[in-house]
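Scroll down for the structure; my scribbles are underneath it.
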Amino acid sequence: MPTEEAQAWFGAVYHAVQKVPLGRVTSYGHIARLIGYPERPRQVGVALKHLPSADGNSRMNDNTVPWQRVVNSKGGISPRGPDGARRQAEALRREGVQVDSNSMGELSVALEVYGWFPAELDDESDGA
DNA sequence: ACGTTGACGTTTC
DNA sequence: CGAAACGCCAACG
């Protein structure tokens, strides 16, 4: 049983992820900043890793939380398991998000097309 | 109870 | 511009 602090953190992460609209993507760092803990992007990944199944009774589950819209700062899908990244790419494509794969099999979102959400947190203006 | 791991990001070299 | 180090902290062995 996690501590109440941890529960609050998890809930905050899930809630923030739910704010990401369909067809857009965000990064772990963005979620962390939105919550108010810009130095813990890693714990965002931890929270998503422990995201409850849709079968459970939890209001926050992999069916209500668009975990697939969260990628790393490079726009790539971090390889957590053999099929994990592939499943995420599929879910994103299903939403209309373009996901490219290089010769090494690494999957990445076409940020130059979709950009980040929210865009206001991006202080730099490179691509465009 | 303690050491290691890991859905990350920034800073440094 | 690429690689390595460091920080973060819950989960796991």
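Just so we're on the same page: letters track the sequence lines, and every chain starts at 1.
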Original post:
When you measure from every atom of DNA chain B, which of residues 54-76 of chain A have a heavy atom less than 4.0 Å away?
Top reply: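 Heavy-atom contacts with DNA chain B come from Trp67(A), Asn72(A), Ser73(A).
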**OP:** Could you verify whether a donor N or O on one side chain and an acceptor N or O on the other, from Gln98(A) and Arg93(A), lie under 3.5 Å apart?
**Re:**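 There is no such pair (donor and acceptor under 3.5 Å, judged by atom type) between the side chains of Gln98(A) and Arg93(A).
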Test of understanding: clusters of I, L, V, M, F, W, Y form through side-chain heavy atoms closer than 4.5 Å, transitively. Do [X] and [Y] belong to the same one?
X: Val46(A); Y: Val17(A); value: yes
X: Val25(A); Y: Ile31(A); value: no
X: Trp67(A); Y: Leu107(A); value: no
X: Val113(A); Y: Leu111(A); value: yes

**OP:** Sugar-phosphate means primed atoms, P, OP1 and OP2; the rest is base. With that split, encode nucleotides 2-9 of chain C 5' to 3' as B, S or - using protein heavy atoms under 4.0 Å.
**Re:** -----BBB
Original post:
First and last nucleotide of DNA chain B in contact with chain A, 5' to 3', at under 4.0 Å to a heavy atom: what are they?
Top reply: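 Contact span on the strand: dG6(B) to dG9(B).
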Salt bridge (Lys or Arg N to Asp or Glu O under 4.0 Å) with [X]: which residues, sequence neighbours excluded?
X: Arg86(A); answer: Glu90(A)
X: Glu106(A); answer: none
X: Arg69(A); answer: Glu95(A)

Subject >> Residues touching DNA chain C, which here means a heavy atom under 4.0 Å, drawn from residues 19-29 of chain A >> reply: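 Of all residues in residues 19-29 of chain A, none places a heavy atom under 4.0 Å from DNA chain C.
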Subject >> By side-chain hydrogen bond (donor to acceptor under 3.5 Å, both in side chains) - contacts of Asn72(A) (at least two apart) >> reply: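 Scan of Asn72(A) (side-chain hydrogen bond (donor to acceptor under 3.5 Å, both in side chains), adjacent residues dropped) gives Ser78(A).
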Original post:
Taking both distances under 3.5 Å as the test for a Watson-Crick or G-U pair, what stems of at least three pairs does DNA chain B have?
Top reply: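 Output for stems: B:2-6 with C:9-13, B:8-13 with C:2-7.
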Original post:
Does Thr26(A) use its side chain to pair, donor to acceptor, with the backbone of Phe117(A) at less than 3.5 Å?
Top reply: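 Looks like yes, one N/O pair under 3.5 Å.
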Subject >> N/O donor-acceptor pair under 3.5 Å between Gln68(A) side chain and Ala89(A) backbone >> reply: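 It does not hold such a pair.
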**OP:** Please collect all side chain to side chain donor-acceptor pair (under 3.5 Å) contacts where either partner lies in residues 41-59 of chain A, sequence neighbours excluded, each pair once.
**Re:**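 Sorted result for residues 41-59 of chain A: empty, none.
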Subject >> Integer angstrom distance from the C1' of dA7(B) to that of dA3(C) >> reply: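 Approximately 22 Å lies between the C1' atom of dA7(B) and that of dA3(C).
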Original post:
Can you name the ring pair (Phe, Tyr, Trp, His ring centres under 6.0 Å) partners of Tyr114(A), sequence neighbours left out?
Top reply: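 Counting only residues at least two positions away or on another chain, Tyr114(A) forms no ring pair (Phe, Tyr, Trp, His ring centres under 6.0 Å).
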**OP:** Just jot down the ring pair (Phe, Tyr, Trp, His ring centres under 6.0 Å) partners of Trp116(A), sequence neighbours excluded, or say none.
**Re:**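 Once residues adjacent in sequence are excluded, the partners of Trp116(A) under the ring pair (Phe, Tyr, Trp, His ring centres under 6.0 Å) criterion are His30(A).
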Original post:
Under 4.0 angstrom, heavy atoms only, what part of the nucleic acid is Tyr37(A) near: base, sugar-phosphate, or nothing?
Top reply: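 No contact.
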**OP:** Could you tell me if the ring centre of Trp9(A) sits under 6.0 Å from that of Tyr37(A)?
**Re:**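 Ring-ring flag for Trp9(A)/Tyr37(A): true, centres closer than 6.0 Å.
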